[in-house]
Amino acid sequence: QVQLVESGGGLVQAGGSLRLSCTASGSIYRLDAMGWYRQAPGKQREFIARISSSDRMDYADSVKGRFTISRDKAKNAVYLQMNSLKPEDTAVYYCNANGHIDRFARPFNSWGQGTQVTVSS
């Protein structure tokens, strides 16, 4: 099993910053893309950012220029630096990871339990 654990959420004022962390553990042969999603009450989960195994990065338009995704492959970790936070960024943020559990190319797609980010106006 592959487990993802997020941390770094909290309550901040508009314009502030937070840094989210996610560490994967378990039966990981190779990590491919990792990413961040968020879900606000009453809304669908939405894509925020992803980073590929070759460190290519993609962002949702809503966070482009404010959020930065990065990863530490040695630690099986992915991070999300969130700057210039807005009240509309308030949501539960989920870490996602894709990869393979063994050399026979058995894939996995795992999600963390989420970390709450609340931005006050």
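As the structure is a computational prediction, the values presented were derived from the model and not from experiment. Numbers here simply count residues along the sequence, with the first being 1.
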J.: Could you check R38 against V117 for side-chain contact (heavy atoms from CB on, under 4.5 Å), going step by step and ending with a plain yes or no?
T.: CA-CA 9 Å; R38 69 187 182 190; V117 172; over 6 Å; no

J.: Grab the two heavy atoms, one from L31 and one from S53, that are nearest each other, plus how far apart they are.
T.: O-CB, 4.1 Å

J.: Check the pair L85, F67 against side-chain contact (heavy atoms from CB on, under 4.5 Å), reporting the backbone distance first and the verdict last.
T.: CA-CA 9 Å; L85 283 162; F67 292 8; 3.8 Å; yes

J.: How would you list all residue pairs meeting salt bridge (Lys or Arg N to Asp or Glu O under 4.0 Å) that involve residues 49-58, not counting sequence neighbours?
T.: D55-K73

J.: Could you grab the distance from atom CZ of R71 to atom OG of S52, nearest 0.5 Å is fine?
T.: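 If I round to the nearest 0.5 Å, the distance is 7.5 Å.
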
J.: Taking it one step at a time, do E6 and W36 satisfy side-chain contact (heavy atoms from CB on, under 4.5 Å)?
T.: CA-CA 10 Å; E6 303 106 329; W36 291 94; 3.9 Å; yes

J.: What is the distance from atom OH of Y94 to atom OG of S110, rounded to the nearest 0.5 Å?
T.: 15.0 Å

J.: For residues 97-121, which residue pairs qualify under ring pair (Phe, Tyr, Trp, His ring centres under 6.0 Å), counting only residues two or more places apart or in two chains?
T.: Y37-W111

J.: Flag yes if M34 and V92 sit in one hydrophobic cluster, no otherwise; membership is Ile, Leu, Val, Met, Phe, Trp, Tyr, and two members link when side-chain heavy atoms are under 4.5 Å apart.
T.: no

J.: Might you point out which heavy atoms bring A49 and Y59 nearest each other, and give the distance in Å?
T.: CB-CD2, 3.6 Å

J.: As an exercise, state the distance from CG of L4 to OG of S25, rounded to the nearest 0.5 Å.
T.: 7.5 Å

J.: Decide side-chain contact (heavy atoms from CB on, under 4.5 Å) for T23 and V5; before the verdict, give the C-alpha distance in whole Å, the side-chain angles of both, and the deciding distance to 0.1 Å.
T.: CA-CA 5 Å; T23 301; V5 178; 5.5 Å; no

J.: Okay, side chain of R66, backbone of S84: is any donor-acceptor separation there less than 3.5 Å?
T.: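 The answer is yes, because a donor-acceptor pair under 3.5 Å joins these two groups.
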
J.: What heavy-atom pair brings Q3 and Q1 nearest, and what distance separates the two atoms?
T.: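 So the minimum-distance heavy-atom pair works out to NE2-CB, 3.1 Å.
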
J.: Answer yes when D89 and K86 have at least one side-chain N-carboxylate O distance shorter than 4.0 Å, and no when they do not.
T.: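 So D89 does not pair with K86 through a salt bridge.
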
J.: Write down the atom of S121, the atom of P87, and the distance for their closest heavy-atom approach.
T.: CB-CG, 3.9 Å

J.: Please collect all salt bridge (Lys or Arg N to Asp or Glu O under 4.0 Å) contacts where either partner lies in residues 24-37, sequence neighbours excluded, each pair once.
T.: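 Checked against salt bridge (Lys or Arg N to Asp or Glu O under 4.0 Å) - neighbours excluded - the pairs reaching residues 24-37 are R30-D32.
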
J.: Restricting to pairs with a member in residues 9-20, which pass salt bridge (Lys or Arg N to Asp or Glu O under 4.0 Å), not counting sequence neighbours?
T.: none

J.: Let me check something: any side-chain donor-acceptor pairs from residues 74-83 under 3.5 Å, sequence neighbours excluded? List them with distances.
T.:
residue	atom	partner	partner atom	Å
Q81	NE2	N83	OD1	3.0
N83	OD1	S17	OG	2.8

J.: Applying the 4.5 Å side-chain criterion to the ILVMFWY set and letting contacts propagate, would L20 and F47 be lumped into a single cluster?
T.: no

J.: Go through the structure and list residues passing side-chain hydrogen bond (donor to acceptor under 3.5 Å, both in side chains) with R45, not counting sequence neighbours.
T.: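 Residues passing side-chain hydrogen bond (donor to acceptor under 3.5 Å, both in side chains) with R45: none at all.
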
J.: Using side-chain heavy atoms (C-beta onward) and a distance below 4.5 Å, is T90 in contact with Q116?
T.: yes

